[in-house]
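Contents: one structure, followed by commentary.
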Amino acid sequence: MKRIGLLTSGGDCQALNATMRGVVKGLSNNCNELEVYGFEEGYKGLIYGHHRLLTSDDFSGILTRGGTIIGSSRQPFKLMREPDVNGLDKVEAMKQNYYKLRLDCLVILGGNGTQKTANLLREEGLNVIHLPKTIDNDIWGTDLTFGYQSAIDIATAAIDQIHTTASSHGRVFIVEVMGHKVGWLTLSAGIASGADIILLPEIPYDLDSVCAAIEKRHKGGKKFTILAVAEGAIPKKIAEKGKKEQRKAMEKMLEKYPSVSYKLAHDITERTGYEVRVTVPGHVQRGGSPDPFDRILSTKLGVYCAQLIMNNEFGCMVATVNNKIVKVPLEESAGKLKMVDPEDQTVKLAKYMGISFGD
Ligand code: F6P
């Protein structure tokens, strides 16, 4: 008999359902009796005891379904130790709800913040396993997160679509790609779609270099330029400042603009006279069905998680390292961000073929 809890926390992405299906199918195929409790809307459900018993029907036909069948919400890690508005001790409440259901393990699907809380629960003595979800691919200790590849497909398709209009009108186009503070998604989608300029948070940009790259293309006879810009892209001048000043300078820079791409568009036009348009695919990048790659990845992660539960091994993240599914202790990975290395081979090869990173 195994009794597990499932929760999906933070921003959603493709393959959350596919991953949970992998866990449940892996378990139900290998233990006599299984009880699965789904906590609704992430940690909120665990704190307030909002859960429901899920049956095999719940996991049928969800391999291809986006979103999450149990809902998700953002519950910032930094507030977990603070009482809620009614003075409830959230950590204690989560532990009590876990014990009340006599769970063998709590399976937690989420990104970096979610992982920090999972680690906190481990420190508090709960059996937890973390499954790495995010289109940002920024979880330290795993080469891949599920959702990332599907988001690459969508961001790439968005930039592909822009190509035709950019060439018809001879315009400069900026496509702003999600990714929070890291540039994995922009780097991949930028290369996959043949973007001319790729701007990442990890490689702060210089406006002169960006404009020079555009001018060079135009002088070479190209009538349009496409920039893939990460939502966290940052100008060199601001990146050189300390953390606190950096935040203030970014806030000031964006006072009049919805995001960095609009400010950049304004600056490029002012400097070069070119007409610039901005496209922001936004949450579309997290939506819809997982692609086949993510379906396979999430199934493997989920089934490996089931194996860990059957072996009573907890306190870890199920990760992908060098194409193998492995377990990584939560205390090793929690609180660390995996960023693009500016010296990464992919970046170097892209530069060698003439893609500008604006540095
Ligand atoms: O972490 C996933 C992500 O989509 C980021 O790429 C983005 O910065 C953020 O979530 C958006 O968050 P929200 O859904 O709260 O607007």
Side-chain angles (χ1 to χ4, degrees), residues 7-19 41-44 66-68 70-80 108-118 130-142 144-159 174-190 192 198-202 228-234 246-247 250-251 254 257-264 278-291 294 297-298 317 333-340:
L7 71 82
T8 54
S9 168
D12 76 338
C13 73
Q14 304 87 346
L16 280 161
N17 290 327
T19 309
E41 294 176 42
Y43 287 115
K44 215 195 264 180
T68 158
I70 49 179
S72 188
S73 67
R74 289 195 189 277
Q75 298 293 318
F77 168 73
K78 61 176 187 242
L79 300 181
M80 280 299 181
I108 300 172
L109 292 79
N112 277 305
T114 300
Q115 190 191 55
K116 283 196 260 180
T117 300
H130 172 233
L131 294 166
K133 157 246 70 156
T134 170
I135 63 166
D136 304 338
N137 195 35
D138 60 352
I139 299 180
W140 192 93
T142 183
L144 289 171
T145 57
F146 59 86
Y148 174 53
Q149 188 62 50
S150 304
I152 292 174
D153 295 351
I154 296 171
T156 301
I159 305 173
I174 295 178
V175 181
E176 184 175 289
V177 180
M178 272 190 169
H180 201 217
K181 292 179 183 159
V182 305
W184 293 106
L185 187 52
T186 310
L187 178 63
S188 294
I198 297 176
L199 303 185
L200 312 177
E202 295 89 340
V229 175
E231 62 179 353
I234 178 169
Q246 222 180 73
R247 199 173 319 128
M250 280 306 278
E251 272 168 24
L254 297 178
Y257 302 94
S259 70
V260 67
S261 298
Y262 289 92
K263 165 71 174 147
L264 184 63
V278 178
T279 295
V280 183
H283 291 79
V284 165
Q285 293 160 97
R286 289 198 336 222
S289 188
D291 73 359
D294 266 338
L297 173 66
S298 57
M317 161 176 69
S333 145
K336 295 183 198 155
L337 200 61
K338 185 185 71 182
M339 304 188 84
V340 175

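Note that the numbering runs from 1 along the sequence shown for the chain. Both backbone and side-chain heavy atoms feed into the values below; hydrogens, waters and symmetry mates do not. Read the numbers this way: they start at 1 and go in the same order the structure lists the ligands and their atoms.
We find the CD1-CG distance between Ile234 and Leu199 to be 12.0 Å, quoted to the nearest 0.5 Å.
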Less than 3.5 Å apart, N/O on ligand 1 and N/O on the protein: could you list those pairs with the distances?
from	atom 1	to	atom 2	distance (Å)
ligand 1	1 (O)	Asp136	OD2	2.7
ligand 1	4 (O)	Arg286	NH1	2.8
ligand 1	6 (O)	Asp136	OD1	2.7
ligand 1	6 (O)	Gly179	N	3.0
ligand 1	6 (O)	Glu231	OE2	3.4
ligand 1	8 (O)	Glu231	OE2	2.5
ligand 1	10 (O)	Arg74	NH2	3.0
ligand 1	10 (O)	Arg286	NH1	3.1
ligand 1	12 (O)	Arg74	NH2	2.9
ligand 1	14 (O)	His283	NE2	3.0
ligand 1	14 (O)	Arg286	NH1	2.9
ligand 1	14 (O)	Arg286	NH2	3.1
ligand 1	15 (O)	Arg74	NE	2.9
ligand 1	15 (O)	Arg74	NH2	3.4
ligand 1	16 (O)	His283	NE2	3.0

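Considering only heavy atoms from C-beta on, Thr8 stays 4.5 Å or farther from Lys133 through its side chain. No side-chain heavy atom of Ile152 sits less than 4.5 Å from a side-chain heavy atom of Trp184. Leu185 has its side chain within reach of Gln285: a pair of non-hydrogen atoms, C-beta onward, lies under 4.5 Å apart. Gln14 is listed as a side-chain neighbour of Ile135, based on a closest heavy-atom distance under 4.5 Å.
Between the side chains of Glu176 and Ser259, at least one donor N or O lies within less than 3.5 Å of an accepting N or O.
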